[in-house]
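Written out below as structure tokens is the structure these notes cover.
Residue numbering restarts at 1 for every chain, and letters A, B, ... go by the order of the sequence lines.
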2 protein chains.
Amino acid sequence: MVKITDVARHAGVSPSTVSYALSGKRPISEETRRRVEEAIRELGYRPHAGARALASSRSKVLALVIPLRAGIHIPVVMQFAVSVVTTARRYDHDVLLLTQEEGEEGLRRVADTALVDALILMDVQLHDPRLHLLRTLERPSVMIGFPASSEGLTCIDLDFKAAGERCVEHLAGLGHRVVALVGSPPEVYVRQTAFAQRVVQGFTAAADRNGLSSAVHPCEAAPGSARAVAERLLREQPALTGVVVHNEALLEPLIDAFEQLGLRVPGDLSVTAICPDELAESVRVPITSVALPSAELGTRAVELLMRKLGGGSSVPEATLLPPRLTERASTGPRTAP
Amino acid sequence: MVKITDVARHAGVSPSTVSYALSGKRPISEETRRRVEEAIRELGYRPHAGARALASSRSKVLALVIPLRAGIHIPVVMQFAVSVVTTARRYDHDVLLLTQEEGEEGLRRVADTALVDALILMDVQLHDPRLHLLRTLERPSVMIGFPASSEGLTCIDLDFKAAGERCVEHLAGLGHRVVALVGSPPEVYVRQTAFAQRVVQGFTAAADRNGLSSAVHPCEAAPGSARAVAERLLREQPALTGVVVHNEALLEPLIDAFEQLGLRVPGDLSVTAICPDELAESVRVPITSVALPSAELGTRAVELLMRKLGGGSSVPEATLLPPRLTERASTGPRTAP
DNA sequence: ATGAAAGCGCTAACAG
DNA sequence: CTGTTAGCGCTTTCAT
């Protein structure tokens, strides 16, 4: 293995000069830098990650904890992970993958052994058991999602409340008076994952504000249950003309179910969703939707972490991404009297 | 930070004894081990990963390279990744996530800097440009999938040829005489990803062997194209009664399309697939299928790597997992004359 | 602008 | 069964 002293000898300089030429932490003359770079190239030198981590107390690795639980749309997690890795690489960092399963012990392990410099957590719950640990950990972290109290922590997420409102406003603007929310699976509410509740809050608030009649239906993610859900909606709200779907797995089957029940989308029923743009576009009837910006969340999360690692500037505790609604084919003006 | 010398002092032993107590690499008396463990607990000691990697030339980290390209079913990748992480943890290793995007330079980087001890690659192609690099790398690797020549490398995958055969045998056994294969998107064949070709080989060979009339149709993964595919199949093979689908995204839409064309599954048409069991079960008509065992592949890949890292036993260059076909509702005996 | 040298915290001979 | 000690390869004061 070729080491820094080999490079130094080959270039006729000291090891520290090679180190500084690499890190740019102190000025190097043009001539010296050139010689060092050439030596590095000729010898194929690669600094040893462990040695570097030991000497500098920086591993240049971030931990990413991904959720495994039911009710979470896999492609969203995947896209988020890819975006985290890609952005981390832009900052010369790598990403260690952990599963939620490892729990607090897993976080403590990678943090305390200095395997990673910082952590990114997804699927944060209102009273997440990891909150206390994160506050005491000597390493910075960013959470995707909001707990009940984000005091002293850094959180980022789509503004789900605003997203729920935005969908209702859109429907109200089209003249709809009776709306329903098809929500996440019940276990998501039971777990008190904040984002599900927030959609409900926004949905309800906007409906009330606009004088709409509204109802909320938590729903299983099983595509087979779409028909039952559709029937239930119509039974409970016969005058229903506007639907907001916050349940990826149910979106497409629900459209099918409505049409099978003789309701045209958007002719008889306008449907909006909160979901990845990709999904909204792929449905047979492209869905007007508020985007779930998983790639942007990943990028932003890493950027926040880099600022925290940079040390200087303090970062905001809470970052809410404003909802962007894209009109597609699934919504239209109310036609019935 | 509490270090090994602190623990040693606290326990009244030498640092090496603590190290050995931790690694089990030499016998420790019961009494000493107890004292060391207690000291570790009382002080909350965690060995520094970088220091350990430097001194032992083992980072206990595996690299996992995931594909991003079109035509690859995301949940399969995700399930594989989770299984790799979970299994790696059982062997006290962690997993670094890399994207295919980083290319050969990415592999070289993590290997040469000793950031990782070994690598797992997915989505291997027949003439994968990374093959040569893997052979020269000083670190072991395992590939999911088979290149044209696996000389000196370690590969594992489902036996796709046998899987194709198994599906045809099943249909032949039910009396079907005219069968079709709905394959992966054309770009997958163009890239020469081996598994797609192998399914075709197995499908064709088994059809010929059983005297069946057969045809192969590479197909886009766009759900919207299902109808067109279904019509094409029936136009080209009017007597068609058996279909093998090797295209995750098209499976469900295809079933819908057939039924819209007035063909009952399995009444008029028997459908089998090569896909994750989870998908096969979730379709409206549960599909008889050969499982794509991504979780098992992940586990086995890690186990192979661990054996290679262990040094002793040499591992097989090629591992083909035999196909397991599960009968579900989508296949039945041929009814037509 | 560059060098010398002292660690970073741990492992693994080598000794007993 | 346990202790002593020499590094592992790099970063970073401290000098100059």
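With sequence neighbours excluded, the residues forming a side chain to side chain donor-acceptor pair (under 3.5 Å) with E38(A) are R34(A), listed by chain and number.
Each end of the helix from dA1(C)-dT16(D) to dG16(C)-dC1(D) gets its own axis, taken as the rotation carrying the C1' atoms of four end pairs onto the next four within a five-pair window, and the two axes meet at 30° to the nearest 10 degrees.
Residue contacts shown for V13(A) are limited to sugar-phosphate atoms, with no base heavy atom under 4.0 Å away. The residue S29(A) sits close only to the backbone: its heavy atoms come under 4.0 Å of sugar-phosphate atoms, none of a base.
Interface residues of residues 32-55 of chain B facing DNA chain D, ordered by number: T32(B), L54(B), A55(B); criterion, heavy-atom separation under 4.0 Å.
Under a cut-off of 6.0 angstrom, the local environment of CD in E42(B) is crowded, with over 12 non-hydrogen atoms contributed by other residues, nucleotides or ligands. Surrounding CD of E151(A) are at most 12 heavy atoms belonging to other residues, nucleotides or ligands under 6.0 Å away.
Contact between the side-chain N/O atoms of S56(B) and the OP1/OP2 oxygens of dC10(C) is not found at any separation under 4.0 Å.
You can see that DNA chain D meets the heavy atoms of chain B within a 4.0 Å-exclusive cut from dC1(D) to dG9(D), reading 5' to 3'.
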Validation: residues 20-27 of chain A side-chain donor-acceptor distances under 3.5 Å, sequence neighbours left out:
unit_1	atom_1	unit_2	atom_2	d
S23(A)	OG	S19(A)	O	3.3
S23(A)	OG	K25(A)	N	3.2

Give me, pair by pair, the N or O atoms of the protein and of nucleotides 13-16 of chain C that are less than 3.5 Å apart, along with how far apart they are.
unit_1	atom_1	unit_2	atom_2	d
dA13(C)	N7	Y20(B)	OH	3.4

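Atom-to-atom, NZ of K60(B) to P of dC10(C) comes out at 14 Å; the value is rounded to the nearest Å.
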